[in-house]
Amino acid sequence: MKFKTTLLIIGVMAMLSSCDSRYKIKEYPKADRDETVVDVYFGTEVTDPYRWLENDTSAATNSWVEAQRALTDEYISHIPLREKIKERLTQIADYERYGIPWKRFGKYFYSKNDGLQNQSVYYMQDALDSEPEVLLDPNKLSDDGTVSLGSMSFSNDGKYMAYTIQRSGSDWEEIYVMDVATKELLPDHIEWAKFTGASWYKDGFFYAAYDKPVDGKEFSNVNENHKIYYHKLGEPQENDVLFYENPAQPRYFHGVGLSDDEHYMFLEESGQGAGHTLWLRDMNDPKGEFVQIAFDMDYFYSPLDIIDGKMYIMTNYDAPKGMVCVVNVDDLSKASIENWEVLIPENDNVMVGAQLGAGKMIVTYDQDASNHVFVYNLDGTMQHEVQLPTFGATGFSSRYEEPEIFYAFTSFTFPTTIYKYDIDANTSEVFRSPKVDFNPEDYTTEQVFFASKDGTRVPMFLTYKKDLKKDGKNPTLLYGYGGFNITLNPGFSVMRIPFLEMGGVYAMANLRGGNEYGEEWHLAGTKLQKQNVFDDFIAAAEYLINNKYTSPDYLAINGGSNGGLLVGAVVNQRPELFRVAVPQVGVMDMLRYHLFTIGWNWASDYGTSEDSEEMFKALYAYSPLHTIKSGKDVHYPAIMVTTADHDDRVVPAHSFKYAATLQAAETGDEPKIIRIDSKAGHGGGKPMAKVIEEQADIYAFILYNMGIEK
């Protein structure tokens, strides 16, 4: 009987194999292995045979990249559904989208995208019902939309606007200055700025920059010695005055900001913890110096404003879920943290934002990863809750002295809508509502909770068609991140709609490592506790399977950056759970991540292989690059890795080495390809045309490898 059953299984498998019409990759591009490259960590030898792929400008790397691009293009070209998905994405993305208005100098400013514009255009107008005029159109900064706008700031007389741009998705920034009235550029031009805006002071501004990098290493070398400069309008950059540096801590970030009246300057230093320190300086005192008022870089201290000599600050110091404090700054010697008074104490929910508006304070909390907003008086008494449409995420535009308040609200099937808010009456009216070509009434979103491996209760959002049948055959995309205090709130993305229309289930798990339940939740997914994040994600997959939303044959996983690490790690640990995996711009080499650009800044979450033997072993145990299985009994899902040539956040070497190792390993017949974008970076500022192309490839790859071709 047992013999007959085995024959039956073999016969069925052979039949399924013969019916599989998917395109098969016959051979992967050759990648030479150099077994002589060996690092020793606390007595353990680790071979790094693809170290040469870290040199992103070498001829050998470029040849490998072009061969991989050709292979991926060839594979994607065999997916019949791809053009249909792209066509629907293009159609549904073609709708007007507005940013939240903000008011300065008696004028209103906002962004707008007509639909398929690569970059949103910025407008200004004298009144809400007056004719708008174009302030700045980033689409005119390049022919292909690969130059994106970063930050914008105005001189305190409103005459000039400084703005930053980023080219091809790189983190490097350039600063330009424009005359607001004439729209003409001034000769001022700043290069090699990074992680900065322009903070105006008198007849110039402060900004942060690095020294010019070595030619050819602009996108890979470690970034060190972040400095603050002062630029006076009309002067060349070489005349800019070095204002602040900390050579004793070359891997700190620095940023400054000023109160609107230019009376006080804030200085933040970060880079060695999850937060930053805070310094304050009286700019009206010619002999004034910075006074440090908050000291522990494991916490954040966010000044909200200074009103009548009182500084309002949001912090999680001694309050893991956040609180608002106040301190008198007339005497800076008495403004340090031990003198701060608690204005709005910590409560059961996580405080994620606070700002002043119309003479009051607007505070946003997360409750089970969904935003709730409350209005407080400046004495800390709560007035009322802002009524939001459903669970989702919101963002406010307000100023202390302005009565007008706007906010945006979004959820999975609720396109971002702009509201005008009356803070006294506690009423909201729709200001701008997008018209998207889909019917939200056809879908539902539910929040479920599941137990992780250690019993921890973890939330997850699920969005799908209302007529879904729980038969285990629904194509499902599970997304996660789990790190760096980042909360995944409900939000709308037009790119998911075609997948949902085809009967897909979109699942978003709120893993440990984020800020969903405060600093304790974050720390539970860091360093030696990082495995908790992977356990949470695996438990999410098992929940979806056990409750018949899907099955391993129809389950795909996706995540980017730290989420790419997540996907790589769980595929290695539980490959049988998934049909498809798409790790995007992932941190894949956990032993060397800190040696590139700003990778060292992630040590507060990850630890490094140099810290201790215990830390090295923990990293080595889950590093996606180092834990790829291989053998005739190993069966990995279909994997499409994505990266980009200008990603100087998570350098493409991570994905290059991971993909080369995957392709060389014995992991079964499913495809292992890498999509390498050109003139693109970590993801920010990517033009709409590139977004549509990438999303069409990803969803086509997912559905094709689930056997769905219509």
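Numbering starts at 1 and runs along the sequence shown. The structure displayed is predicted, hence computed values, not measured ones.
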Heavy-atom side-chain contact between [X] and [Y] under 4.5 Å:
X	Y	result
Y163	Y122	no
Q166	T164	no
N118	M688	yes
H263	I306	no
V256	R281	no
F205	S153	no
Y517	T456	no
P434	R97	no

Before we go on, tell me: are the rings of [X] and [Y] under 6.0 Å apart, centre to centre?
X	Y	answer
Y176	H189	yes
Y207	Y229	yes
W192	Y210	no
F409	Y419	no
F431	Y98	no

Working for side chain to side chain donor-acceptor pair (under 3.5 Å), residues D331 and S333: CA-CA 5 Å; D331 183 352; S333 67; 2.6 Å; yes
Within this structure, what is the [atom1]-[atom2] distance for the pair [X] and [Y], rounded to the nearest 0.5 Å?
X	Y	atom1	atom2	value
M323	L343	CE	CG	11.0 Å
R399	I405	CZ	CD1	12.5 Å
L186	M161	CG	CE	11.5 Å

Looking at [X] and [Y], what are the two nearest heavy atoms and their distance?
X	Y	value
V121	P138	CA-CD, 4.1 Å
F374	H372	CE1-CB, 4.0 Å
Q447	P459	NE2-CB, 3.7 Å
S155	F105	O-CZ, 3.3 Å
E385	N426	O-ND2, 3.1 Å
N284	E262	OD1-O, 4.3 Å

How far apart are the C-alpha atoms of L141 and L149, what are their side-chain angles, what is the distance that settles it, and do they pass the side-chain contact (heavy atoms from CB on, under 4.5 Å) test? CA-CA 9 Å; L141 301 178; L149 188 66; 5.5 Å; no
Heavy-atom donor-acceptor pair, [X] side chain to [Y] backbone, under 3.5 Å:
X	Y	result
W172	E191	no
E173	T196	yes
Q249	E269	no
W521	L511	yes
E224	P250	no
N510	T487	no
D282	G288	no
S370	G392	yes
Q117	Q119	no
D296	Y299	no

How far apart are the C-alpha atoms of Y407 and V373, what are their side-chain angles, what is the distance that settles it, and do they pass the side-chain contact (heavy atoms from CB on, under 4.5 Å) test? CA-CA 11 Å; Y407 69 88; V373 183; over 6 Å; no
Y301 and E268: side chain to side chain donor-acceptor pair (under 3.5 Å), yes or no, with the steps? CA-CA 9 Å; Y301 319 89; E268 295 179 358; over 6 Å; no
Does the plane of the ring in [X] sit parallel, tilted or perpendicular to the ring in [Y]? Use 30° and 60° as the thresholds.
X	Y	result
F484	Y481	tilted
F109	F154	tilted
H384	Y421	perpendicular

How about [atom1] on [X], more than 12 heavy atoms from neighbouring residues, nucleotides or ligands closer than 6.0 Å, or not?
X	atom1	answer
K310	NZ	no
K140	NZ	no
E289	CD	no
D308	CG	no

Do NZ/NE/NH1/NH2 and the carboxylate oxygens of E96 and K435 come within less than 4.0 Å? no
Pick out which of T394, T410, V352, N371 makes a side-chain contact (heavy atoms from CB on, under 4.5 Å) with N489. N371
Scan Y244, F243, F206 and name whichever one has a ring-ring contact (aromatic ring centres under 6.0 Å, His included) with Y230. F206
Derivation and outcome, side-chain contact (heavy atoms from CB on, under 4.5 Å), residues D298 and Y317: CA-CA 8 Å; D298 286 332; Y317 180 80; over 6 Å; no
Report the C-alpha distance between N515 and H522 in whole Å, list the side-chain angles of each, state the deciding distance to 0.1 Å, and finish with yes or no for side chain to side chain donor-acceptor pair (under 3.5 Å). CA-CA 5 Å; N515 191 44; H522 165 232; over 6 Å; no
Are D188 and Y160 close enough, and set up right, to give a side-chain contact (heavy atoms from CB on, under 4.5 Å), and what steps lead you there? CA-CA 12 Å; D188 306 76; Y160 301 111; over 6 Å; no
